[in-house]
Amino acid sequence: MKQVDSPSHSYTQHIVCFFCSEKDRHHHKMNSLSAWFWSESFWLPPNVTWAELEHPPPGEEYPRADQLLSCLPLAFGVLAVRVLFERLVAKPCANILQIQAGESRRAQPNAVLERVFTSTTSPDSRRVEGLSKQLDWDVRKVQRWFRLRRNQDKPSTLTKFCESMWRLTFYTCIFTYAIRYLWVSPWMWDTRQCWYNYPFQTLSAGQYNYYVAELAFYWSLMFSQFTDIKRKDFLIMFVHHLATITLITFSYCNNMLRIGTMVMCVHDASDIVLELAKLANYAKYQRICDTGFVVFSIVFFITRLVIYPFWIIYSVLVESWEIVGPYRSWWLLNGLLLVLQSLHVFWFYLIARIAIKAIFKGKVAKDDRSDIESSSEEETDTNVRSRNKSHPNGSEQSPKKDTGTNGFAKGGTKDH
């Protein structure tokens, strides 16, 4: 006798078939998305396939995207090393230089002003006048409260000194490693070597180590941005780090490691001098700071506005066209490099303004990105209160505007 399936059994079969078909559809969509993203017509030159790159010569290896996954755990390792370095090396050095953490003055608790502060940290004059009437405070007292409130959560000079010393150490080490590796590489001296037999260029240990170290460092910078010194251009720097990571990853996946190592080396060179100048300013060695910033400007000009465009971009734009020929990702890479060059021009304009003031005025000019408002304002407030005591009518004297130009220690032009 033929057995008839129960309704419950039939229903279960339908459910199982439904989920299996959904799983198959999802798997098909993921495969289609992966095939679209890794399209050979986009990533590779004409007549080159991924299958050819999957079989390098015996004992050699081509770059693979999955090799970069190790950068994420390494980024957290870099963060851990940074914490140990700042505690065990940077802080003792700061103590030797008599750089103290200090205690910033705190704004007195006020629920009304605190609510306003959560919406805007710098209210306009009309808002300040309204708060002055509401609290029966003097306008300058309200302004002073917001200034203290903005500054009380900002890091001290000691914190910034430790951060800069860590960056100086990393840039020095990675730049030294890059120079030692590139110095014996033929494409360092003949950039056409970057494109011969492309993309069938094997991955060397020096290239892999350099790429992984740079990516891990920039991932750590992105993660630490949320706990580091907060600057006015937080979002801009976040996008900058993301763009840097994208460009490095893109060149690795596209096997443009030879030209990529030179791009990274050129960008690391000027950062060493910049961080050294910032350390000098935090330690109040103003003459060393001014000299360092001028040297930084010169190095920045040579590396970013001479070597980078006329040596590296020329190779990617002209020599690779002649040897390999253009393809889709080639256009994207050149576009990104040219955008980066336009940023170099803009940054050098800002740097040159500060350097000129350092030469002719004797002090590095205030950086617009300063993360802590001038401590001289607090000193002015103290002087105002002292003068008020000597004026029985209680009228508040107008403070003199701070004309000092030494604002480099408060933020410093930071560039990657």
Quiz item: Should His267 and Thr244 count as side-chain neighbours, where that means a heavy-atom distance under 4.5 Å?
Solution: no

Quiz item: Relative to the ring of His344, is the ring of Tyr308 parallel (under 30°), tilted (30 to 60°) or perpendicular (over 60°)?
Solution: perpendicular

Practice problem: Measure the CG-CE distance between Leu182 and Met264 for me, rounded to the nearest 0.5 Å. | Solution: 9.0 Å

Self-check item: Residues Met222, Tyr218; criterion side-chain contact (heavy atoms from CB on, under 4.5 Å); working and verdict
Solution: CA-CA 6 Å; Met222 179 174 287; Tyr218 278 104; over 6 Å; no

Quiz prompt | Value rounded to 0.5 Å, distance of CD1 in Ile354 from CG in Asp290 | solution = 11.5 Å

Quiz prompt | Within 6.0 Å of CD in Gln98, more than 12 heavy atoms from elsewhere | solution = no

Self-check item: Sidechain-backbone polar pair: Gln207 side chain, Ser204 backbone, donor-acceptor under 3.5 Å
Solution: yes

Exercise. Ignoring hydrogens and angles, tell me if any N or O in the side chain of Thr249 forms a donor-acceptor pair with the backbone of Thr246 under 3.5 Å.
Key: no

Practice problem: For the pair Asp66 and Arg64, evaluate salt bridge (charged side-chain N to carboxylate O under 4.0 Å, His left out) and give the outcome as yes or no after the intermediate values. | Solution: CA-CA 6 Å; Asp66 61 316; Arg64 300 193 319 272; 3.1 Å; yes

Quiz prompt | Proximity of Tyr181 and Tyr210 rings by center, below 6.0 Å | solution = no

Self-check item: Side-chain touch Thr202/Tyr62, heavy atoms, less than 4.5 angstrom
Solution: yes

Quiz prompt | Point-to-point distance, once rounded to the nearest 0.5 Å, from CG of Leu257 to CD1 of Ile248 | solution = 11.0 Å

Quiz prompt | Trp331/Phe42 aromatic ring centres below 6.0 Å | solution = no

Quiz item: Rounded to the nearest 0.5 Å, how far apart are CZ of Phe293 and CD1 of Ile298?
Solution: 11.5 Å

Exercise. I would like to know whether Leu274 and Lys278 meet side-chain contact (heavy atoms from CB on, under 4.5 Å); could you show each step before the answer?
Key: CA-CA 6 Å; Leu274 174 62; Lys278 290 168 67 176; 4.1 Å; yes

Exercise. Could you tell me which non-hydrogen atom of Cys71 sits nearest to which non-hydrogen atom of Leu215, and how far apart they are?
Key: SG-CB, 3.6 Å

Exercise. Please report the closest heavy-atom contact between Leu337 and Ile313, naming both atoms and the distance.
Key: O-CD1, 3.8 Å

Quiz item: Just by distance, do the side chain of Ser185 and the backbone of Met188 share a donor-acceptor pair under 3.5 Å?
Solution: no

Quiz prompt | Asn254 side-chain N/O to Phe250 backbone N/O, donor-acceptor pair under 3.5 Å | solution = no

Exercise. Evaluate the ring planes of Trp50 and Trp38, with Trp represented by its six-membered ring, and classify them as parallel (under 30°), tilted (30 to 60°) or perpendicular (over 60°).
Key: perpendicular

Quiz prompt | Check against side-chain hydrogen bond (donor to acceptor under 3.5 Å, both in side chains), Tyr252 and Gln67 | solution = CA-CA 10 Å; Tyr252 190 92; Gln67 294 169 337; 2.4 Å; yes

Practice problem: Determine whether Trp145 and Leu131 make a side-chain contact, defined as any pair of heavy atoms from C-beta on separated by less than 4.5 Å. | Solution: no

Practice problem: Would you name the heavy atoms of Leu247 and Leu336 that are closest together and state the gap between them? | Solution: CD1-CD1, 3.7 Å

Practice problem: Start with the C-alpha gap between Arg82 and Ser220, add the side-chain angles, then the distance that decides, and say whether side-chain hydrogen bond (donor to acceptor under 3.5 Å, both in side chains) holds. | Solution: CA-CA 10 Å; Arg82 172 185 171 177; Ser220 72; over 6 Å; no

Self-check item: Point-to-point distance, once rounded to the nearest 0.5 Å, from CD1 of Ile259 to OG1 of Thr191
Solution: 6.5 Å

Quiz item: What is the minimum heavy-atom distance between Leu279 and Ser164, and which atoms define it?
Solution: CD2-CB, 3.7 Å

Practice problem: Please examine the side chains of Leu113 and Trp137, heavy atoms only from C-beta on, and report whether any two atoms are closer than 4.5 Å. | Solution: yes

Quiz item: Tell me, do Phe348 and Arg304 make a side-chain contact under 4.5 Å, heavy atoms counted?
Solution: no

Self-check item: Close side-chain approach of Gln341 to Leu305, heavy-atom, < 4.5 Å
Solution: yes

Practice problem: Quick one: sort the Phe161 and Tyr282 rings into parallel, tilted or perpendicular, breaks at 30° and 60°. | Solution: perpendicular

Practice problem: Could you go through the side-chain hydrogen bond (donor to acceptor under 3.5 Å, both in side chains) check for Tyr211 and Ser251 one step at a time? | Solution: CA-CA 10 Å; Tyr211 262 78; Ser251 65; 2.8 Å; yes

Self-check item: Contact summary for Leu97 and Ala283, nearest pair of heavy atoms
Solution: CD1-CB, 4.0 Å

Exercise. Starting from the C-alpha separation in whole Å, work towards a yes-or-no answer on side-chain contact (heavy atoms from CB on, under 4.5 Å) for Trp219 and Leu72.
Key: CA-CA 7 Å; Trp219 274 115; Leu72 292 177; 3.7 Å; yes

Quiz prompt | Test item: Asp271 and Arg167 side chains (from C-beta on) under 4.5 Å apart, heavy atoms | solution = no

Self-check item: Main-chain N/O of Trp311 paired to Ser315 side chain as donor or acceptor, under 3.5 Å
Solution: no

Quiz item: More than 12 non-hydrogen atoms from neighbouring residues, nucleotides or ligands closer than 6.0 Å to CZ on Arg87, yes or no?
Solution: no

Practice problem: For the pair Phe76 and Phe223, evaluate side-chain contact (heavy atoms from CB on, under 4.5 Å) and give the outcome as yes or no after the intermediate values. | Solution: CA-CA 9 Å; Phe76 290 100; Phe223 297 151; 3.9 Å; yes

Quiz prompt | Other residues, nucleotides, ligands: >12 heavy atoms within 6.0 Å of Asn47 CG | solution = no

Quiz item: Are Trp166 and Val78 close enough that some pair of their side-chain heavy atoms sits under 4.5 Å apart?
Solution: yes

Quiz prompt | More than 12 heavy atoms of other groups within 6.0 Å of Trp183 CH2 | solution = no

Self-check item: Option from Trp330, Trp195, Tyr314, Tyr198 for which side-chain hydrogen bond (donor to acceptor under 3.5 Å, both in side chains) with Ser320 holds
Solution: Trp330

Practice problem: Determine yes or no for a side-chain-to-main-chain donor-acceptor pair under 3.5 angstrom, with Gln201 supplying the side chain and Cys194 the backbone. | Solution: yes

Quiz item: Which atom pair, heavy atoms only, marks the closest approach of Val299 to Ser270?
Solution: CG1-CA, 3.8 Å

Quiz prompt | Inter-residue atom distance Thr291.OG1 - Leu276.CG, 0.5 Å rounding | solution = 10.5 Å

